[in-house]
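As structure tokens, the structure follows; a few thoughts come after it.
Sequence lines set the chain letters: A, B, ... in the order given, protein chains first and strands last, and positions in each chain run from 1. None of these values were measured; they are calculated from a predicted model.
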Protein chains: 2
Amino acid sequence: MPHDTPHAEACPGCQTPDLAFAQHDHGHCSTDALARAEALAVARGVRLTPVRRRVLEILLEEHKAMGAYDVLTRLAAEGFGNQPPVAYRALEFLEDQGFAHRICRLNAFTACMHPGEDHAPAFLICRVCDTVAEAPAAPVMAALTKAAAQSGFVIERANIEALGLCPACAGTA
Amino acid sequence: MPHDTPHAEACPGCQTPDLAFAQHDHGHCSTDALARAEALAVARGVRLTPVRRRVLEILLEEHKAMGAYDVLTRLAAEGFGNQPPVAYRALEFLEDQGFAHRICRLNAFTACMHPGEDHAPAFLICRVCDTVAEAPAAPVMAALTKAAAQSGFVIERANIEALGLCPACAGTA
DNA sequence: GATATGTATGTGATACTATAACACGTCAAG
DNA sequence: CTTGACGTGTTATAGTATCACATACATATC
């Protein structure tokens, strides 16, 4: 019975939030996230088809925010369709399933590192080096849900994105 | 000495968060926000030129999220330039000065109702009626700042956007 | 007053992002 | 076997945003 423990507990690079911008064994994260996504797809009765799976792999490999057309270029090079809808449909599927996140500010997408954990991601975008970190934001989401509830608004999906300076770029500046 | 009290204290419609989706005397909000923006521009030594001012007025009049091209159409009809950069430049200026906000999820912009108050806006977007409410989100921003700080990230600007159902649409569903 | 400098605007062209609409193939249910 | 749901491929098009250059207009400086 695999994957019943959060990824962060087993991944040194993901254990502490302050390592979000640091190097870590990303290979482990990738294979783990992919395995989790596959298991979740089966459990939910949705199909992680070749295109969808490959898009997720690409996002995991790159480990950065990618535009739909960046993904499409790679898909086309591998014999998949080379028209925009191919990429957009796969990305939409991954987002719907929580396997990937859309970063509106960048018109880009990134693989979710913690699929199935029902987390609330916040994205920290460095305006200098363009690195994007996915920070744990459960308290942020809680506060947002509360604020929305005061207006009677029911949140279904949220985008929490911050633009600023990562530790490295803040240091050199 | 005008404008030394927060707008919400004087505007019935803005006093309580739970009225964010309700009707209120928007005329008062508009003129107030415009006057505040003008004062702030003078104080900061930046120029609220005719185009910029008109764009802000348009956003305030419409009181909803508008695409850059929607704004541009209105500008062109009034004798201003009719090319995209005209609108985008004005909108960027307004966003930089905190007179307007960008709603990434909608590729749209909206006037800020509380310019100069250093608030943290969260946008609640109804997926049924497309209404957008600007909810007070100081606690949300505080949580986000804290989460970012744990990674050593310094936030300069944040987008907090939620998609879901507004009270009215949630009721009819 | 003439000149320089920074800023703002106008314009044409173009790049980038995203979706609509339809055809075809596959698979499972009835 | 037929139907219907789903996924993919493709053409075409819609929508969003920026680049690059020219011009105007302000203020500051000589």
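- Proximity of A/Y88 to the phosphate of C/dA18: a side-chain N or O atom is located under 4.0 Å from OP1 or OP2.
- Ranking C/dT17, C/dT19, D/dG9 by closeness to the A/R89 side chain, first place goes to D/dG9.
- Contact check, A/R105 against C/dT17: no side-chain N or O comes under 4.0 Å of OP1 or OP2.
- Of the candidates C/dA8, C/dA18, C/dG10, C/dG10 carries the atom nearest the B/F80 side chain, counting heavy atoms from C-beta on.
- When side chains are defined from C-beta on, B/F123 counts as touching B/E134, because their heavy atoms get closer than 4.5 Å.
- The nearest whole Å value for the distance from the CG atom in A/L91 to the C1' atom in D/dG7 is 15 Å.
- Nearer to the 5' terminus of DNA chain C, by closest-nucleotide assignment, is the contact made by B/A90 (compared with the other of B/A90 and B/N107).
- The CD-P distance, from B/E92 to C/dT9, rounds to 12 Å in whole Å.
- Protein atom CG of A/L75 is 11 Å distant from nucleotide atom P of D/dT8, rounded to whole Å.
- Which of C/dT19, C/dT11, D/dT10 sits closest to the side chain of A/P84 comes down to C/dT19.
- Distance check, rounded to the nearest 0.5 Å: CE of A/M113 to CZ of A/R36 gives 12.0 Å.
- Put simply, CD on B/Q97 is 13 Å from P on C/dT7, counting in whole angstrom units.
- Listed nucleotides D/dT11, C/dT11, C/dT9 differ in distance to A/Q83; the shortest reach to its side chain belongs to D/dT11.
- Atoms CG (A/L72) and P (C/dC16) sit 14 Å apart, rounded to a whole Å.
- With C/dG12, C/dA8, D/dT8 as the candidates, the nucleotide lying closest to the side chain of A/T49 is D/dT8.
- Ion pairing of A/E161 with A/R102 is absent here, as no side-chain N (NZ or NE/NH1/NH2) approaches a carboxylate O to less than 4.0 Å.
- One finds no side-chain N or O of B/R54 lying less than 4.0 angstrom from the OP1 or OP2 phosphate oxygen of C/dT9.
- Minimum atom distance to the side chain of B/Y69 is reached by D/dT16, of the listed D/dT16, D/dT10, C/dA8.
- The pair B/R54-B/E57 counts as a salt bridge, with a side-chain nitrogen and a carboxylate oxygen less than 4.0 angstrom apart.
- Counting heavy atoms from C-beta on, the side chains of A/E62 and A/R74 come closer than 4.5 Å.
- The side chain of B/R47 lies closest to C/dA8, out of C/dA8, C/dT11, D/dT8.
- With distances taken from any side-chain atom of A/P85 to the nucleotides D/dT16, D/dG9, C/dT19, the minimum falls on C/dT19.
- One can place CG of A/N82 at 15 Å from P of D/dT8, the figure rounded to the nearest angstrom.
- Atoms CD (B/E95) and P (D/dA17) sit 11 Å apart, rounded to a whole Å.
- Nucleotide C/dT9 holds its C1' atom 14 Å from the CZ atom of B/F93, rounded to whole Å.
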